[in-house]
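Okay, structure first, notes after.
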Amino acid sequence: MSGSWRITSLRGGRGTASCTDDQRPFRVATALTEPLLVGRALTVDLGPAHDRTSVITGLDFSLAAGRTLGVVGESGCGKSMTALAIMGLAPSPHRIGGVLRFAGQDLLTMPQDRRRQLRGADMAMIFQEPMTALNPVVPVGVQIGEMLIVHDNASETAASRAAVALLERVGIADPARRASAYPHELSGGMRQRVMIAMAIACKPRLLIADEPTTALDVSVQAQILDLLLELQRDTGMAMVFISHNLGVVSAVADDIMVMYAGRAVETGPAQRVLTAPAHPYTAGLIATLPDIGRRQKILPVIEGSPVNPRNRPPGCAFAPRCPLVIAECRTGLPAMVIVSPGQEAACIRCTA
Amino acid sequence: MHTVYGMTALLETTNLTVSFGDRAGWFRPAREVLAVRSVSLALQAGEVLAVVGESGSGKTTLARALLGLVPIAAGEVRYDGCDTATMTAPQALAMRRSVQMVFQDPFGSLDPRLPVGAIIAEPLDIHRIGNPASRRARVAELMGLVGLPADAAGRYPHQFSGGQRQRIAFARALAPSPRVIIADEPLSALDVSIQSQMLNMAAELRARLGLAYLIISHDLAAVHHIADRVATMYLGRIVEVSDVDALFTRPAHPYTAALLAAVPRIGAGKWVPGAALGGDIPSPLAPPTGCAFHPRCPAASSLCATATPDMRAIRAGHDVACHHPLGTA
Ligand SMILES: Nc1ncnc2c1ncn2[C@@H]1O[C@H](COP(=O)(O)OP(=O)(O)O)[C@@H](O)[C@H]1O
Ligand SMILES: Nc1ncnc2c1ncn2[C@@H]1O[C@H](COP(=O)(O)OP(=O)(O)O)[C@@H](O)[C@H]1O
Ligand code: SF4
Ligand code: SF4
Ligand SMILES: [Mg+2]
Ligand SMILES: [Mg+2]
């Protein structure tokens with residue numbers, strides 16, 4: 001833990017002279033206008049005090065209103081845990097360290113009831129599987145209406161009218177009739193729309209979408225991407241968009257954070273990171289993807305499988321799979337270095 | 001071109017129709033779901049044919065019908081030229097050995113109580129191939145083929161990652177030396193880095209063993225990488241079949257074109273809302289009249305609502321069922 005603190009402060013100190021607003025260390029950023037969501041040296045440890053495992057280490061990110069941060073990486077790298085930590089939903093017992101701020105407020109020291117108020121009203125989350133968020137025995141219109149009754153003190157009539165309007169807003173045909181449907185009576189795409197309707201009911205300033213299209217067909221995925229981008233355009237909400245599908249992230253994200261074994265290994269403007277990746281892991285993820293119209297006899301692969309953040313090797317966690325590994329990689333944790341304006345990578349072999 | 005006329009296809013369907021009965025409820029008459037409608041498709045020895053389409057279009061049912069796992073309502077399935085409805089017992093046995101299946105969820109399809117060696121050997125036991133010693137040797141050979149470590153035989157499925165479990169499923173399918181592997185969404189549960197490893201393995205095994213694959217996948221980029229030919233399926237029907245390059249560069253069916261346009265691609269920049277194909281796939285209980293795609297089709301005319309288009313060749317090896325195929329006007 002102390003290691004990550006040191007690296008972050010080093011990075012801030014080095015960055016101040018030359019870098020843009022986005023890269024300034026936290027204390028400078030607060031003095032100016034602070035982005036909607038800020039994480040600095042964020043750590044998440046799970047388990048009771050005597051048996052803690054670190055699943056997230058030293059994450060730095062910031063997200064402004066109206067923008068989208070894409071979070072990518074293989075399963076188990078900590079994408080969902082990052083989302084849950086922001087939402088205040090990390091599984092207990094846990095310990096969260098570092099800085100986490102939302103709309104100028106400190107999320108980590110905030111009283112629990114205030115945090116609950118924020119959740120659902122100012123920040124909302126959608127998941128890969130809508131059934132985990134929907135109550136199977138309550139009609140979907142009632143579930144959407146309940147959000148407004150709980151958070152906005154709406155009357156029942158106002159809430160049910162608003163629920164139908166929300167269903168229409170998320171593109172459900174015949175919304176008045178569909179409001180009385182149960183989740184299992186709807187297709188996967190429609191359930192995802194219902195979950196989005198619930199999430200946007202109270203006009204959140206931040207929407208976290210965790211693999212929202214992973215279980216859907218490409219055609220329905222395209223519809224959901226359309227919907228999320230339209231909603232963002234109309235409401236100016238910020239989005240954290242998590243996906244292991246780089247194409248999907250490329251379609252929605254302004255900035256990207258690539259994670260490996262509980263840490264960020266590369267961050268920067270989405271198109272830049274995806275077309276000129278600096279970290280060997282990012283480059284590997286992109287190279288392994290088959291692409292329509294570009295047949296290759298043999299696909300490049302990243303050998304091996306992702307490491308669990310629980311058993312990170314010392315030094316660079318990617319070293320066991322990295323084609324560029326050298327002896328030094330295994331000794332010290334690589335610090336984030338700036339490789340191009342706004343783009344940083346944690347690799348000792350990356351230079352600007 | 002893989003449609004070699006005058007040659008017997010390895011696995012072939014003619015007007016195959018599969019129907020699921022929905023028994024009458026209290027206030028409801030019995031209904032019929034036609035999950036596969038009059039499908040004619042041929043898989044040649046050694047080729048890779050992919051079937052793409054939205055969920056609910058009947059891909060899994062088609063695969064299950066090929067394997068004899070669901071009853072056929074009409075039409076036929078032929079293996080090596082023999083109709084499965086009338087084939088002799090030895091012919092049926094040979095087909096069961098030669099056509100193997102790999103499922104989407106490698107966890108659900110592997111018996112968690114058996115060590116990996118026993119799982120892979122199971123088809124050898126079922127088909128009484130070899131003796132215990134030769135089966136052990138065969139299991140070791142298969143594990144080598146799919147890149148499993150030699151000590152894997154004694155361990156259990158839960159001790160392996162998703163990618164390794166898919167290798168186990170592959171080794172098991174290869175055990176009786178099949179000629180065809182039918183794989184239903186074999187990649188969709190895996191991480192991207194593991195998907196590319198599996199695609200390379202599948203390509204290498206095909207080259208070494210002369211296998212044919214029928215691959216069901218909604219990952220169009222992976223399909224373009226591995227398939228020789230592609231069939232697009234919509235609401236139980238095959239609406240387009242072609243060699244993969246023609247289908248992906250010059251799709252003739254508006255549905256295929258819409259599926260391709262919906263794939264977000266790296267480097268294409270940010271998504272511009274508005275281009276997505278609207279609507280959901282309709283219920284097969286009440287399919288639209290005429291061309292089943294007409295309520296969602298940007299190219300639909302009044303003819304499309306009434307007349308079902310027949311499959312016809314627009315060029316050699318490229319068939320499409322559409323009144324107004326793209327790129328031919
Ligand atoms: N409830 C939990 N208790 C303990 N560890 C967990 C729990 N959920 C996830 N983890 C661990 O946290 C790490 C990050 O998981 P997660 O954030 O779900 O990854 P991703 O979403 O990137 O696939 C993994 O190593 C996982 O095993
Ligand atoms: N055992 C079954 N009983 C009734 N209907 C079924 C059964 N299996 C599939 N269907 C229906 O048949 C249609 C095609 O399903 P399926 O073959 O699974 O499509 P796909 O694999 O393309 O998603 C769907 O409408 C599905 O609901
Ligand atoms: S630090 Fe070394 S092992 Fe890690 S990504 Fe860079 S080159 Fe590879
Ligand atoms: S037949 Fe008509 S409705 Fe059907 S795909 Fe062709 S143009 Fe569209
Ligand atoms: Mg996750
Ligand atoms: Mg299926």
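What you see below is based on every heavy atom in this structure, not just the backbone, and it leaves out hydrogens, waters and symmetry mates. Reminder, nothing fancy here: chain letters follow the sequence lines and each chain counts from 1.
Interface residue A/Leu289: only side-chain heavy atoms are found under 4.5 Å from chain B. Looking at A/Val252, only its backbone comes within 4.5 Å of chain B, counting heavy atoms on both sides. Proximity to chain A (any heavy atom under 4.5 Å) is shown, for B/Ala207, by neither the backbone nor the side chain. Neither the backbone nor the side chain of B/Ile281 comes within less than 4.5 Å of any heavy atom in chain A. Of the atoms belonging to A/Ala270, not a single heavy atom falls under 4.5 Å from chain B. With a 4.5 Å cut-off on non-hydrogen atoms, B/Leu220 touches chain A through its backbone and its side chain both. A/Pro306 touches chain B through its side chain: at least one heavy atom from C-beta onward sits under 4.5 Å away, while N, CA, C and O do not. In this structure, chain A has a heavy atom under 4.5 Å from the side chain of B/Val244, while its backbone stays farther away.
Contact count versus chain B (heavy atoms, under 4.5 Å) is highest, among A/Ala215, A/Gly304, A/Ala173, for A/Gly304. Ranked by heavy-atom pairs shorter than 4.5 Å toward chain B, the options A/Ala222, A/Gly189, A/Pro300 are led by A/Ala222. Between chain B and the residues A/Leu216, A/Leu229, A/Val249, A/Leu285, the most heavy-atom pairs under 4.5 angstrom are made by A/Leu229.
When all heavy atoms are compared, the tightest approach of A/Pro290 to B/Ala221 is O-CB, 3.3 Å.
Taking the side chain as every heavy atom from C-beta outward, B/Ile266 and A/Ile286 approach each other to under 4.5 Å.
Put simply, the residue from B/Val52, B/Leu259, B/Leu277 that forms a side chain to side chain contact (heavy atoms under 4.5 Å, CB included) with A/Val218 is B/Leu259.
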**Message:** Evaluate B/Leu260 against A/Ile292 for side chain to side chain contact (heavy atoms under 4.5 Å, CB included), listing each step before the verdict.
**Reply:** CA-CA 9 Å; B/Leu260 285 166; A/Ile292 292 173; 4.0 Å; yes
Which N or O donor-acceptor pairs, by atom type, sit under 3.5 Å across chain A and chain B?
unit_1	atom_1	unit_2	atom_2	d
A/Glu74	OE2	B/Ser193	OG	2.2
A/Ser75	N	B/Asp191	OD1	3.0
A/Ser75	N	B/Asp191	OD2	3.0
A/Ser75	OG	B/Asp191	OD2	2.4
A/Ser187	OG	B/Asp280	OD2	2.9
A/Asp217	OD1	B/Ser55	N	3.1
A/Asp217	OD2	B/Ser55	N	2.7
A/Asp217	OD2	B/Ser55	OG	2.8
A/Ser219	OG	B/Glu54	OE2	2.5
A/Gln223	NE2	B/Leu277	O	2.6
A/Gln223	NE2	B/Gly279	O	2.8
A/Asp226	OD1	B/Trp271	NE1	2.6
A/Asp226	OD1	B/Gly274	N	3.4
A/Asp226	OD2	B/Gly274	N	2.9
A/Ala251	O	B/Trp271	N	2.7
A/Asp254	OD1	B/Lys270	NZ	3.1
A/Asp291	OD1	B/Arg265	NE	3.3
A/Asp291	OD1	B/Arg265	NH2	3.3
A/Ile292	O	B/Arg265	NH2	2.8
A/Gly293	N	B/His224	ND1	2.8
A/Arg295	NE	B/His224	O	2.8
A/Arg295	NH2	B/His224	O	3.4
A/Arg295	NH2	B/His225	O	3.3
A/Arg295	NH2	B/Ala227	O	2.6
A/Gln296	O	B/His225	ND1	3.3
A/Leu299	N	B/Asn200	OD1	2.9
A/Leu299	O	B/Asn200	ND2	2.7
A/Ile302	O	B/Gln197	NE2	2.7
A/Gly304	O	B/Gln197	NE2	3.1
A/Arg321	NH2	B/Ser193	OG	3.4

